[in-house]
Structure formats: structure tokens, C-alpha cells
A.B. asks: 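Dropping a structure here in C-alpha cells format, bear with me for questions.
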Amino acid sequence: MESRKQGGKKEDMDLLVQDLDFRSAIYWPSSYMQNIAKVKGTWNREMIKSDTILKLLQGCNSLKRLQKIHSHVITNGLQHHPAISTKLLNFCAVSVSGSLAYAELLFRHIENPQTEAWNSIIRGFANSPSPLQAIFYYNDMLSALVARPDTFTFSFVLKACERVKAESKCREVHGNIIRCGYERDVVVCTNLVRSYVVNGLIGLAQTMFDNMSERDLVSWNSMISCYSQAGFHHEALKVYDRMKNENVGLDGFTLVGLLSSCAHVGALNIGVHLHRIASEEGFVENVFVGNALIDMYAKCGSLDDALRVFDRMQRRDIFTWNSMIVGYGVHGRGDGAISFFKQMLMAGVQPNSITFLGLLCGCSHQGFVEEGVEYFHMMRSKFNLKPGIKHYGCMVDLFGRAGKLEKALEIIGTSPSQDDPVLWRTLLGSCKIHKNVKIGEIAMRNLIQLRASNAGDCVLLATIYAGAKNTDGVLKMRKMIKSQGIKTTPGWSWIEVGNDIHKFVVDDKSHPDSNEIYCKLREVICQATLLGYVPEKSFIIVAGLITKECLETSTSCHSEKLAIAFGLARTSKGTPIRIVKNLRVCRDCHSFTKHVSKAFNREIIVRDRVRFHHFKDGFCSCKDYW
DNA sequence: ATAGGGTTAG
């Protein structure tokens, strides 16, 4: 580019005219632009009137064409013509092939820009990588007091608020919307509600939504997708109940948002219902819907159904393949993930970093160390993908789980972010499986150094110490928990029965049918014990390490057992029981669930924080390798 | 002249 700046040869000029680009246009002096015109002989002789240019701009639909018109504008000295500059500005700011930097330059040359010009620049930045700039321009617009914001201005600036997480700005813009009398505009209101949800102001958003004078399908869909993306899955599903009551209908967007929430909470029954609706109303051909269905089935523990949807899809994209690969991965099916990966390549679809997360996860859980290493290297060598922190996490897990703790430690050393506590925590977890005190201590030391250690970590190391009969170590951990009062994440499990989701925490007594559940649990424990289940008291209790904070990690009544008892009581014989939990399954619960699956002849599918466990006939699909 | 909604990982 630099050399071109000085270039004066005719061939160079022709080349330049051909790929005249706004990005570089900023740096061109006007004399240079005149040179370009001279090269194109006819241009400087032909004087074009402004209305001709405006007409040309109106019909302009490609960058190439605009580049030509732009040259005409410069040649004829029309770059400051108000209507022309606004049109040009709009194109530069909004078009994918435009340039925001150039748009800003054009904008600065407009005297007293009107709403139209402000809108262009705000819209351009709202969709750009720096949406904050849009808010600045909006502020400037208001203080300039020349042009009044209109509904479009508000839509654009709200988009920016949504993207930069500007909570207080949302409220301020809301005030201006009311002041300008636009609080009844559906689009503006929908945008406002969106930015409230995305900024976590759920209550406010809900009230706004309820009070909207008019709501269309897009408004409803926005609610669902925003709730879903912000992690408010139950709220998203509740919106659907309201939609049914108010007969608003639904479309592919609705289904995608809802299915994603079903996937997150493991609501298979609702997901199946949505699948039926999708088939009845002709939305299964929609790739987005198909992908969401695959993901929903996989995340709800039903790989067979995911496969059925996959097989029937006419069009597949990267999401389709990734959903299958990640699905097999989290089910501990490295073989399946690898097979889909190969098919994906044969179908000519380029993998991305998520593809490899699925693959590595599958390899790690199936003990495919060599394959995992191979794919990890393949990312860079064959696909030019840089492994991220999560990929390193998978590798630490891959080696650690397989007992290659030294290798796991080495991997952390080569990772770009050694100050990520997750890597050290993963290693600590592996040390617990393999009862390795030495490396466990190294992991803990790093966690402490990073000021990231929590009670869960202390309990892990205490267990390792206890296993090695290291009383001093146990006491040290106990002291640490007590002195720092560090808390663990409260554990919970939930189960879907019918269309309702029941959530349990440890020793939960809050369920309306609590008595019945505990009664059932006693029976279940009894049956499991008859088949050889021995409650496994953790060393923590033995060592008297139990504190209120680490209750969840003890073997009191874990949420999972309550959910299983509830499931056995409330679902018919022979139907699988599906549980979703936020932590990993503990040893005692794992053994308990195996025995229950045999005693009650029930398939029990547990989705824990990292993977699926399918319990059947006294065995688990993870083969106790988890 | 110009507007709002979608899937995988975390």
C-alpha cells in the first residue's frame, strides 16, 4: 500500500482504480485522486451534476459500483455536497464492505449533520467491534441540539447498549424515549427490553414487556432468546407458556431459543413436545431448528434421537457437525466423536475450535491419550487453529485422568495462560483420582499463589492427604478452610417430571412432598444395600473436617439421591430417569446410582458438570473412569 | 435513506 501511494505509472493507476478502497482512501491526498481521474481520461472532462450522482447513488448496490461513483464525486469536487456526503456516509458506515474510519472522516466534514447522518454513524458503530463509539456519537447528537433523535436512532443506540453492557445508559435512553414520545413503538420497546435483559435487569425487562402496548412475534422471540442467552432458562420456558395462553403462534426463532434452554436444563419432555410442534408446523427443514434439536437431544442424554435428527437433515453446517461431535464427547464417546469428525472432513466442512473441544473431551473421557495428543497437534498443523485455554484444560484432563500426572503438569507449563486456576484445579482433581500427594501439593501451591483456592480445592487435597494417611496434611487443610471461611459452590440436582422441573439441594426439605421423598429414599437405600451398596463415608467426615461450608462435599443427603428417589416415585416403571446436576458426581453417589439402576431395573442418566453417566444394570457407561 | 429475533463452547 505504501509503495502505491507514490506510484505514478499508468498500470499502477489502473490497478488502483480497480480496487479503490475506502480504507485506503483516507490516506490519499486529493491531488492523487485527480491523478486517478486523469488516468481514466474521460472522467475529468465530463462534468457531472449533483443530481446525477444522487441518482447513481440511489441505484448503487455494490462496492465496486460505489467506488466508481465515489471517484466521480471527487473529480467533480462534490465531496461536501450535503445529500451526497450523507449517502456516501451511510454506505461506508453500514455496508459490510464499507469503512467506519472513512465514515467518520466523511461525518466530520458534514456541517450540522441531520438525523439521517447521525443515524448512519450510530448504526455503523453499534454493529462494529467498538459499539461504545455509537454511544459517544449518540451523546454528541443530543448535546449538539441540532438534530432530534428518532425511532431509528433509539433502535441503534439500544443495540449498542445491549452489546457493551451499559446498564445505566439503558435507563437514560429509556427516559429519552419517553421524552420524545416513542414509548409505544414496538421496535424501540423490543430493543429496550432486550438491552434490559442482556444487562441483567430482569425485573425491569419483565415489567416493560408486560406493559408494552403492542407485542409482535419478534418481541416474544426476543424475550425468549435473551433469557436463554443470559442463562435464565426457566424464565425463557415460562415465556412459552404465556405465548400458548395468548395464542401468539411461533416460528423457527421461537423454537431455537426454547430448545437451547431445554438443552441447558435437560428438559427432554418439553424438548420432545417442541420437536413435534416443529414437525407439524414445518420448521424441521430449518437448519437452525435442526441444529438446536440435535443439541437438545444430546444434552438431554439421548444420543440416538440426536442421530435420528442428524440423519434426516437436508442441509448441514458447522453447528450441525459440532453439536454431534460435542454430544458424543460429553457422553464419553471418543470413538463416536472421531467418526463424526472424519465424516465432517469428508463432507468438506472445516472444523473450528469447538469441534476440537468435543473431540478432546471425548478422547479424555474414553482414555484415548494418543488420539487426543494427535488431535491437539492437528489443530495447529492442519487447520491453523490456536489451541485456547479450554483445549489445554482438556489436555491436562486427558493426561491427568490417565494417570500421566507429570505430563499433565508439563502441559500446563506450555500453556499460554498458566495463571488460569482452572488448569491447576483440573490437575488437582486428577491427583485425587490417582492419590498423588506430590503433584497435588504443587497444584494447590499454584492455586494459593493465584489467590484462587477455594474450599473445594482444600477438600480435594485433604482427601488426598487422608488417603496417604497424612494426618498433618488433613489438619492443615482443615485449618485453611476454617481460617479463610472459603465457600464451596452449593450443589444441586434437578429432574424433569412431566412439564415441571424439580430442583433439589443437599438435605433439601423445601419440596412440598418432602416427607414422601425422604420416605422413598429410605426404601431405595435399603434396596440398594441389599444388592451390596455400602455407603462410602468420605475421609473428610472421618477426619472431622466437616464444616457448614463443605457440607455439599460430605455424604449427607446429596441432592442427587433426593432427585433419584423423587424420580422413582413419580415416573412409571421402565422409563429412564434423567438427572442434571451442577457439580461432578461423587464416589458415593456414583456407587449408589449403579446399585439403584439394578435394584429398580431403571436406566438412570446423570448429566454432571463435565459429562454424562448412563447407569444400567448396575454399571455405568463411564466404566468408573471419570 | 435507515430498525428489532436464532443454534455449538464458556
Side-chain angles (χ1 to χ4, degrees), chain A residues 54 57-60 83-84 86-91 93-95 114-124 126-127 150-159 162 182 185-195 197-198 212 215-229 231 236 239 250-264 283 286-296 298-299 306 309 313 316-327 329-330 351-361 388-391 393-394 420 422 609-610:
Chain A
L54 276 172
L57 273 170
Q58 206 137 40
C60 174
I84 290 178
T86 316
K87 281 251 160 50
L88 268 174
L89 166 68
N90 187 45
F91 189 93
V94 172
S95 156
Q114 295 305 298
T115 307
E116 184 180 346
W118 285 107
N119 284 358
S120 291
I121 200 89
I122 295 173
R123 179 188 181 191
N127 296 314
D150 60 9
T151 52
F152 294 93
T153 321
F154 288 122
S155 293
F156 301 140
V157 75
L158 284 169
K159 176 81 169 185
E162 186 183 320
Y182 294 131
D185 186 282
V186 213
V187 180
V188 171
C189 276
T190 302
N191 275 317
L192 190 54
V193 172
R194 282 181 66 85
S195 52
V197 177
V198 171
M212 272 169 76
R215 279 187 290 261
D216 58 15
L217 189 51
V218 178
S219 319
W220 287 98
N221 289 347
S222 292
M223 276 311 265
I224 293 179
S225 62
C226 286
Y227 272 148
S228 178
Q229 281 161 26
V239 173
L250 88 189
D251 66 6
F253 288 88
T254 327
L255 290 167
V256 166
L258 291 172
L259 286 168
S260 168
S261 281
C262 288
H264 276 102
F283 293 115
N286 181 325
V287 200
F288 287 91
V289 174
N291 294 345
L293 279 170
I294 290 179
D295 180 54
M296 182 276 294
K299 296 267 172 58
V309 176
M313 279 176 77
R316 295 178 188 133
D317 61 12
I318 177 90
F319 287 87
T320 321
W321 291 100
N322 282 354
S323 297
M324 288 307 290
I325 293 169
V326 171
V330 295
N352 63 17
S353 66
I354 296 168
T355 318
F356 285 95
L357 281 180
L359 273 171
L360 293 177
C361 175
I389 181 74
K390 311 244 156 51
H391 300 95
C394 286
D420 192 307
V422 174
R609 196 165 58 79
V610 288

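Sequence lines set the chain letters: A, B, ... in the order given, protein chains first and strands last, and positions in each chain run from 1. For clarity, every value in this text was computed on a predicted model and none was experimentally measured.
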A.B. asks: Mind checking A:G257 for me? I need base, sugar-phosphate or nothing, with any heavy atom below 4.0 Å counting as a touch.
C.D. replies: nothing
A.B. asks: With no angle test and no hydrogens, is the base of B:dG6 tied to the side chain of A:N291 by a donor-acceptor pair under 3.5 Å?
C.D. replies: no
A.B. asks: Which nucleotide in the list B:dG4, B:dT2, B:dT8 gets nearest to the side chain of A:V218?
C.D. replies: B:dG4
A.B. asks: When you measure from the side chain of A:N191, which nucleotide among B:dA1, B:dG6, B:dG4 comes out closest?
C.D. replies: B:dG4
A.B. asks: Given B:dG4, B:dA1, B:dA9, identify the nucleotide with an atom nearest to the side chain of A:V187.
C.D. replies: B:dG4
A.B. asks: Take atom CG of A:D185 and atom P of B:dA3, then tell me their distance rounded to the nearest Å.
C.D. replies: 13 Å
A.B. asks: What is the nucleic acid contact for A:E162, judged by heavy atoms within less than 4.0 Å: base, sugar-phosphate only, or nothing?
C.D. replies: nothing
A.B. asks: Go through B:dT8, B:dG4, B:dA9 for me and flag the one nearest to the A:K159 side chain.
C.D. replies: B:dG4
A.B. asks: May I ask you to say what A:D295 touches in the nucleic acid, namely base, sugar-phosphate or nothing, with a heavy-atom cut-off under 4.0 Å?
C.D. replies: sugar-phosphate
A.B. asks: Whole-Å distance between B:dA9 P and A:I318 CD1?
C.D. replies: 13 Å
A.B. asks: Between A:F288 and B:dT7, do the rings stack, that is, sit under 5.5 Å apart with planes less than 30° off each other?
C.D. replies: no
A.B. asks: Are the side chains of A:C361 and A:V330 in touch, meaning some heavy atoms are under 4.5 Å apart?
C.D. replies: yes
A.B. asks: Name the nucleic acid region contacted by A:T355, choosing base, sugar-phosphate or nothing; use a 4.0 angstrom heavy-atom cut-off, strictly under.
C.D. replies: nothing
A.B. asks: Atom CD of A:Q229 and atom C1' of B:dG4: how far apart are they, to the nearest Å?
C.D. replies: 14 Å
A.B. asks: So which nucleotide from B:dA3, B:dG6, B:dA9 ends up closest to the side chain of A:S155?
C.D. replies: B:dA3
A.B. asks: Nearest whole Å is fine: how far is B:dA3 P from A:R123 CZ?
C.D. replies: 5 Å
A.B. asks: In whole angstrom, give the distance that lies between atom CH2 of A:W118 and atom P of B:dA3.
C.D. replies: 20 Å
A.B. asks: Between B:dT7, B:dG4, B:dA1, which one does the side chain of A:V256 approach most closely?
C.D. replies: B:dT7
A.B. asks: Scan A:H264 against the nucleic acid and name what it touches under 4.0 Å (heavy atoms): base, sugar-phosphate only, or nothing.
C.D. replies: sugar-phosphate
A.B. asks: Look at the side chain of A:S228 and the base of B:dG6, then say whether one donor and one acceptor between them are separated by less than 3.5 Å.
C.D. replies: no
A.B. asks: Kindly write out the residues that satisfy side chain to side chain contact (heavy atoms under 4.5 Å, CB included) with A:Q114, not counting sequence neighbours, or none if the list is empty.
C.D. replies: A:N112, A:V146
A.B. asks: If I take atom CZ in residue A:F253 and atom C1' in nucleotide B:dG4, what distance separates them, rounded to the nearest angstrom?
C.D. replies: 10 Å
A.B. asks: Hey, does A:F156 reach any base, or is it just sugar-phosphate, or nothing, if we go heavy atoms under 4.0 Å?
C.D. replies: base
A.B. asks: Mark this stacking check for A:F319 against B:dT7 as yes or no, applying ring centres under 5.5 Å and ring planes under 30°.
C.D. replies: yes
A.B. asks: Does the side chain of A:K390 get closer than 4.0 angstrom to OP1 or OP2 of B:dT8 through an N or O atom?
C.D. replies: no
A.B. asks: So A:S225, base contact, sugar-phosphate only, or nothing? Heavy-atom distance under 4.0 Å.
C.D. replies: sugar-phosphate
A.B. asks: Ignoring hydrogens and geometry, is there a side-chain-to-backbone donor-acceptor pair from A:S219 to A:D216 under 3.5 Å?
C.D. replies: yes
A.B. asks: Could you tell me how far apart A:L88 (CG) and B:dA1 (P) are, to the nearest whole angstrom?
C.D. replies: 16 Å
A.B. asks: Are A:S260 and B:dT8 close enough that a side-chain N or O sits under 4.0 Å from OP1 or OP2?
C.D. replies: yes
A.B. asks: Less than 4.5 Å apart, side chain to side chain, heavy atoms only: is that true for A:I318 and A:T355?
C.D. replies: yes
A.B. asks: What's the separation between atom CG in A:N90 and atom CZ in A:R123, rounded to the nearest 0.5 Å?
C.D. replies: 6.5 Å
A.B. asks: Among residues at least two apart in sequence or on other chains, which ones pass side chain to side chain contact (heavy atoms under 4.5 Å, CB included) with A:A263?
C.D. replies: A:D295, A:M296, A:K299
A.B. asks: Just to be sure I understand the rule, does A:T151 reach a base, reach only the sugar-phosphate, or reach nothing, if contact means heavy atoms closer than 4.0 Å?
C.D. replies: base
A.B. asks: Quick one, A:V326 and A:L357 - any side-chain contact, counting heavy atoms below 4.5 Å?
C.D. replies: no
A.B. asks: Taking CD1 from A:I121 and P from B:dT2, how many angstroms apart are they, rounded to a whole number?
C.D. replies: 18 Å
